[in-house]
Structure formats: structure tokens, C-alpha cells
Amino acid sequence: MELDQILSRLGEFGPYQRRVYHWYCMLTLSVAFHHLAQVFLAGNADHWCTVPSNTTQLDCSEFGYDSCDDVYWGRPTADDEATTLNEKQCRMTVGLSNDDNVTDLTECFNGYTFDHSQYTRTIQEDFELVCNKDAKVALAQSIYFAGVLIGSIVFGSLADWIGRKPTLLICIAIQCSLGLVTAFVQSFAAYCILRFIVAAASIGIFLVAFIIATELVGLKWRTIAGTMIQVYWAVGIILMALLAYFIRDWRKLQIVLSIPTVVGLLYVPFLPESVRWLLSQGATEKAEAIIQKTAKVNNVTISEHPFSEKNQDGNMKKHTFLDLFKTRVLITRTLNIMYNWLVIVMVYYGLSLSTSDLGIDPYIAFMLSGLIEIPAYIISILAIDYFGRRIILSIVMITGGVACFLTIFFEPGIIRLIVAMIGKFGLTSAFGIVYIYSAELFPTPVRSAGMGLASMSGRLGSIVSPFALYMKQWWEPLPLVLFSSMSLSGGLLCLLLPETMGKKLPETMQEGKEIGLKEHEKTKEDYSAVERS
């Protein structure tokens with residue numbers, strides 16, 4: 001029997017699979033924490049120049065004064081309409097104390113004072129990432145996503161070579177240890193370097209957990225399993241909003257977000273390896289042992305050696321992502337998937353990282369952005385199994401693009417929030433669907449590498465996303481115009497991909513090439529008659 005047939009006999013998503021699935025999915029909570037943590041680690045707080053209290057060490061000649069004795073230092077008048085926000089936050093007044101009409105503006109030379117009414121400490125305060133250094137905040141998030149890009153390649157391929165579980169344990173250890181170290185760094189460079197490595201490990205955790213989750217279950221439950229893992233991600237966003245609300249110091253928050261991962265090191269060794277990966281490596285005996293344990297827990301009987309000769313021979317050849325670029329069919333398909341990932345991830349993070357611009361409390365806005373993801377994932381589960389992956393992906397991307405464009409025309413407030421959440425709903429749905437769709441299009445020998453390559457493309461979008469948001473300083477609607485146009489183009493291009501609804505996972509490179517060719521398609525009905533032993 002083939003694996004899909006065996007899973008049908010065992011129970012495609014029986015008690016054993018559900019138990020294992022849950023514990024793998026729990027690992028994604030920490031990934032959501034770290035991916036979006038900078039929304040609060042770098043929370044935007046009001047600030048102004050620190051007025052020097054002791055002028056004895058100052059040289060006032062550079063300001064045009066012979067002595068500092070009669071020099072007055074102060075803040076620009078807050079209620080003066082002629083004073084810009086940048087001047088209020090990044091300049092200080094200097095003049096003679098006996099002449100109120102003669103004052104000049106100068107840059108802050110004595111550091112900055114921050115408003116602690118909302119955040120008690122942020123990376124902007126610790127590393128002075130304000131005024132002419134404010135672009136470094138976007139740079140830090142882009143560096144993080146660059147780490148995600150590298151991790152997509154490295155750990156995606158590593159999981160195909162050494163196995164899903166060993167790769168997962170490596171990533172968990174890195175994320176937990178270096179996540180904790182990050183909370184104690186004293187320089188911006190060290191912060192960025194450590195976050196880069198944590199990012200690589202974090203995407204490794206998510207990719208491997210997702211792959212095992214989709215490879216673990218049978219055809220009937222594959223869509224639900226592939227989508228529900230995203231609900232765990234959404235729960236992670238909601239939990240982080242709650243944690244950030246009660247922990248306003250970025251260093252303490254970073255510690256709290258990093259500690260839970262250590263639990264994964266305790267239970268992952270007891271979880272099974274991916275059966276599909278073991279079969280692709282020819283490790284049939286190990287795969288059969290897992291099948292037998294599953295049968296025992298699920299209270300079903302199955303033959304001692306359930307796999308066919310085709311499975312037992314195994315495919316010992318090692319494959320890499322380069323195999324996806326050896327035929328015209330796979331090349332065009334892979335490039336299409338990569339572009340859609342780039343668009344979806346770029347816009348998704350653009351909307352997620354800018355919740356503080358919606359005109360309501362930033363903690364509530366962030367929590368709502370997490371809450372809206374839950375119905376988005378659930379509805380997408382129902383829709384793609386009824387209408388198909390391709391058409392629903394196109395619809396939600398176009399809907400998200402239109403919503404992004406309409407957001408331009410509303411001032412910060414409730415209406416803008418509602419329209420933005422519609423956009424977030426569309427892109428969240430697309431995010432969940434594209435994971436399932438991609439996993440179903442890539443054949444087993446290169447599924448991890450293919451998912452890593454697709455995710456890598458998405459991370460290029462996420463790297464650009466913080467700077468796309470920063471472009472609003474040049475023209476405020478520019479980020480939303482960019483997000484809208486790219487979402488619309490991606491929604492149209494995905495219509496060129498083959499439909500995978502009701503098809504078995506491609507187990508070989510040849511089956512991967514044949515998806516969409518009617519003479520080679522195998523549907524649910526082809527596998528409904530399970531071989532009896």
C-alpha cells in the first residue's frame with residue numbers, strides 16, 4: 001500500500017496524529033512572538049532633547065556665544081503651529097536668557113528624554129534610534145527578516161538531508177538561547193546580529209513543524225491540518241499583545257518571549273519523525289515502526305509490513321532545490337509560487353507592523369489583527385476544500401489589494417481600522433492558503449527545500465516591508481499603493497497554477513511534474529478503496 005492508503009486505514013487524522021500534531025503546532029507560538037516582537041520592542045514613544053543641567057563642561061562658542069553663563073536652553077514651544085514635530089522631538093532652543101526674542105534651534109547634543117507613559121523602555125531609548133537615526137528601526141526589522149530568508153534556505157534543505165526532528169531541535173536550541181542573550185545586549189549591532197540568528201532558527205521551527213503537520217495526515221484532513229497550524233500562530237499574536245500590555249520594558253519582554261521555547265527541547269525528542277521523509281530516504285523499517293505505533297494508539301490493525309515494494313525500495317537519491325529548475329513546467333510553476341509568496345508576505349507584514357497607525361490603542365489594534373486571523377484561517381479551510389485552492393487564493397489576494405487601496409482615503413479611526421482589517425483578513429487567508437498550496441505542489445523529495453525556497457522569496461518581501469512602510473515619510477499613501485498593486489498582480493498570476501484539491505501528495509519528482517496533467521491526475525476516489533491485508 002501507499003502511505004495515503006495506509007493513513008486512510010489507520011484513520012487519516014486519528015488520536016495519535018492529533019496528539020502529535022498539537023505538540024508540533026505549539027512550537028509556532030514562539031515563532032509569532034519573535035517575528036512581530038519589534039512592534040513593542042521598538043514601540044514609538046514621544047521624546048525630546050534633554051536640556052543640560054550643568055553647563056560648566058560645555059563650549060558655547062560653537063553656538064556663537066562667548067560664555068555659557070547667560071545662555072538659555074529649552075524645548076521648542078509645543079503649541080507653536082510653525083514648529084514641526086521633528087523640531088519638537090529632535091531640536092532644542094538656544095539663546096540668551098535676557099533676550100526672549102533671539103533663539104536658535106540646534107540638534108540634541110545631550111541625549112534624549114523619553115515619555116514613559118506607555119513604554120518604560122524601548123530599543124529606541126537604549127540605542128538612541130530617533131531623529132536622524134530613526135531609519136535604523138526599519139533596518140533592524142529588515143535584518144531580522146534577512147535572517148528568516150537565510151534560515152528558509154539553510155534549515156529547509158537541512159530538514160530534507162538529516163531529517164525533520166534533528167533540524168527542529170537545532171532550531172529550538174538556537175531560538176531559546178540566543179533569544180535570551182538578546183535581552184542583555186548593550187549595542188544596536190549586537191541586537192541586530194542576535195536577532196538575525198534567532199530569525200533563522202524561528203523560520204526553521206515553523207517550516208519543519210508545518211511540513212510534519214501536513215505530511216502526518218491523510219488527504220481528507222490535509223487542508224485542515226495545514227491551516228489550523230496558522231491558528232496557533234494567530235493565538236501567538238494575541239498572547240504577545242497581552243504580554244506586551246503588562247510588560248512595557250523591552251528587555252523583560254524579550255526574556256518572557258524566549259523562555260517558553262525551552263519546553264520544546266523536553267518533548268520534541270519523544271515525537272515521531274516524518275513518515276514521508278523516512279520513506280523518501282528508504283528508511284522503511286523506521287517508517288513501519290511509526291505506523292505500527294499509530295495503529296496501536298488508534299486501535300486499528302494493520303499488516304506488519306504495510307508498504308508496497310515501490311515504497312520499500314525507497315529513493316536514496318538526494319535532491320536539492322535545484323531540481324525544481326530542471327524542466328520548464330517546474331520552473332514556471334516554482335517562479336509563480338515564489339512571486340506570490342513575496343507579495344503575500346510583504347503585504348501581510350506591512351499590515352501587521354503598522355497597526356499603531358490605525359488611530360486606536362496600539363495593544364488593542366495589534367490584538368485585533370491577531371483575532372481577525374482566526375476566522376480568516378477557518379473560512380479559508382472551508383472555502384478551498386469546496387471551491388479549490390487556486391480560485392480562492394486569487395479572490396482573497398484581490399480583496400486584500402482593494403482594501404489596501406481604499407484605506408488611503410480614510411483618516412485614522414474606526415473606519416480605517418475596519419477597512420484595514422478587511423485587508424488583513426484577505427492577506428491572512430492568502431498566507432494560510434499559500435502554505436497548503438505550495439506543500440501540495442512540491443514533491444516529497446524536495447518539499448522542504450521547495451517550501452524553503454518559496455519562504456525565502458517571501459522573506460525578500462518581508463525584508464522590503466519595513467522600508468516600504470518607512471516610505472510614508474516621502475508620500476504617506478505610497479506603502480498602501482505598493483501593497484495594493486502587488487496584491488492585485490499576485491491574485492491574477494496564481495490563476496496560472498494547477499489545482500491540487502482532491503489530489504494525493506506527489507511522492508516523486510515525476511509525480512510533481514505531472515500535477516495538472518489530466519491523464520496523470522489521481523483523485524480522492526482513486527484512493528478510496530483501501531487495500532486489505
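- Checked against a 6.0 Å centroid threshold, the rings of Phe145 and Tyr349 count as neighbours.
- Although no hydrogens or angles enter the test, the distance criterion places a donor-acceptor pair under 3.5 Å between the side chain of Arg251 and the main chain of Ala183.
- Distance alone, capped at 3.5 Å, is enough to place a donor-acceptor pair between the Ser274 side chain and the Trp277 backbone.
- At least one side-chain heavy atom of Leu453 sits under 4.5 Å from a side-chain heavy atom of Met338.
- Closest approach of Tyr339 and Met486 over heavy atoms only: OH-O, 4.1 Å.
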Could you walk me through whether Val262 and Leu266 pass the side chain to side chain contact (heavy atoms under 4.5 Å, CB included) check? CA-CA 7 Å; Val262 73; Leu266 303 178; 5.7 Å; no
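- In this structure, Ser202 and Gln175 approach most closely via the heavy-atom pair OG-NE2, 2.9 Å.
- By the 4.0 Å N-to-carboxylate-O rule, Lys286 lies too far from Glu273 to be salt-bridged with it.
- Checked against the 6.0 Å centroid criterion, the rings of Trp341 and Tyr348 do not qualify as a close aromatic pair.
- Proximity of a side-chain donor or acceptor of Tyr21 to a complementary backbone N or O of Ile229 within less than 3.5 Å is detected.
- Among Leu497, Thr399, Leu495, the one residue that satisfies the side chain to side chain contact (heavy atoms under 4.5 Å, CB included) test with Ser394 is Leu495.
- Counting only distance, with no hydrogens or angles, the side chain of Thr294 and the backbone of Ile290 share a donor-acceptor pair below 3.5 Å.
- Aromatic ring orientation, Phe40 versus Phe366: perpendicular (interplanar angle above 60°, classes split at 30° and 60°).
- Aromatic pair Phe246/Tyr363: ring centres not closer than 6.0 Å.
- Between the side chain of Asn336 and the main chain of Leu496, no donor-acceptor pair closer than 3.5 Å is present.
- The shortest distance between side-chain heavy atoms of Val181 and Ser258 does not fall below 4.5 Å.
- Atoms CG and CD1, on Leu194 and Ile143 in that order, are 11.5 Å from each other to the nearest 0.5 Å.
- The side-chain heavy atoms of Ser142 and Pro466, taken from C-beta on, include a pair separated by under 4.5 Å.
- Contact between Ala225 and Val217 at its shortest, heavy atoms only, is CB-CG2, 3.8 Å.
- Ring geometry, Tyr144 versus His35: the interplanar angle exceeds 60°, so the pair is classed perpendicular (tilted spans 30 to 60°).
- Listed for the Lys165 side chain is a donor-acceptor partner under 3.5 Å among the backbone atoms of Leu271.
- For Ala403 against Val419, the heavy-atom pair with the smallest separation is O-CG1, 3.4 Å.
- Gln17 contributes a side-chain N or O that, together with a main-chain N or O of Gly14, makes up a donor-acceptor pair within less than 3.5 Å.
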Would Val275 and Leu279 count as a side chain to side chain contact (heavy atoms under 4.5 Å, CB included) here? Give the steps. CA-CA 6 Å; Val275 174; Leu279 290 175; 4.2 Å; yes
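- Side-chain contact check for Ile247 versus Val256: some heavy-atom pair is nearer than 4.5 Å.
- Formation of a donor-acceptor pair under 3.5 Å by the Thr261 side chain with backbone atoms of Cys176 is not found in this model.
- Side-chain contact check for Gln141 versus Arg195: some heavy-atom pair is nearer than 4.5 Å.
- Distance check: Ser369 OG to Lys424 NZ gives 3.5 Å after rounding to the nearest 0.5 Å.
- Not less than 6.0 angstrom separates the ring centroid of Phe431 from the ring centroid of Tyr377.
- Residue Ala209 comes nearest to Thr28 through the heavy atom pair CB-CG2, 4.4 Å, listed as atom of the first residue, atom of the second, then distance.
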Would you sort out whether Trp233 and Tyr435 count as a ring pair (Phe, Tyr, Trp, His ring centres under 6.0 Å), showing the intermediate values? CA-CA 13 Å; Trp233 165 280; Tyr435 262 102; 8.8 Å; no
Let's go through His22 and Tyr232 carefully: what are the C-alpha distance in whole Å and the side-chain angles of both, what is the deciding distance for ring pair (Phe, Tyr, Trp, His ring centres under 6.0 Å) to 0.1 Å, and is it a yes or a no? CA-CA 9 Å; His22 168 72; Tyr232 283 78; 5.8 Å; yes
What's the verdict on side chain to side chain contact (heavy atoms under 4.5 Å, CB included) for Met501 and Ile384, showing C-alpha distance, side-chain angles and the deciding distance? CA-CA 8 Å; Met501 183 179 69; Ile384 64 177; over 6 Å; no
Cys25 vs Val231, test: side chain to side chain contact (heavy atoms under 4.5 Å, CB included). Steps then yes/no. CA-CA 9 Å; Cys25 288; Val231 174; over 6 Å; no
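- Minimum heavy-atom separation, Ile212 to Arg164: CD1-CB, 3.4 Å.
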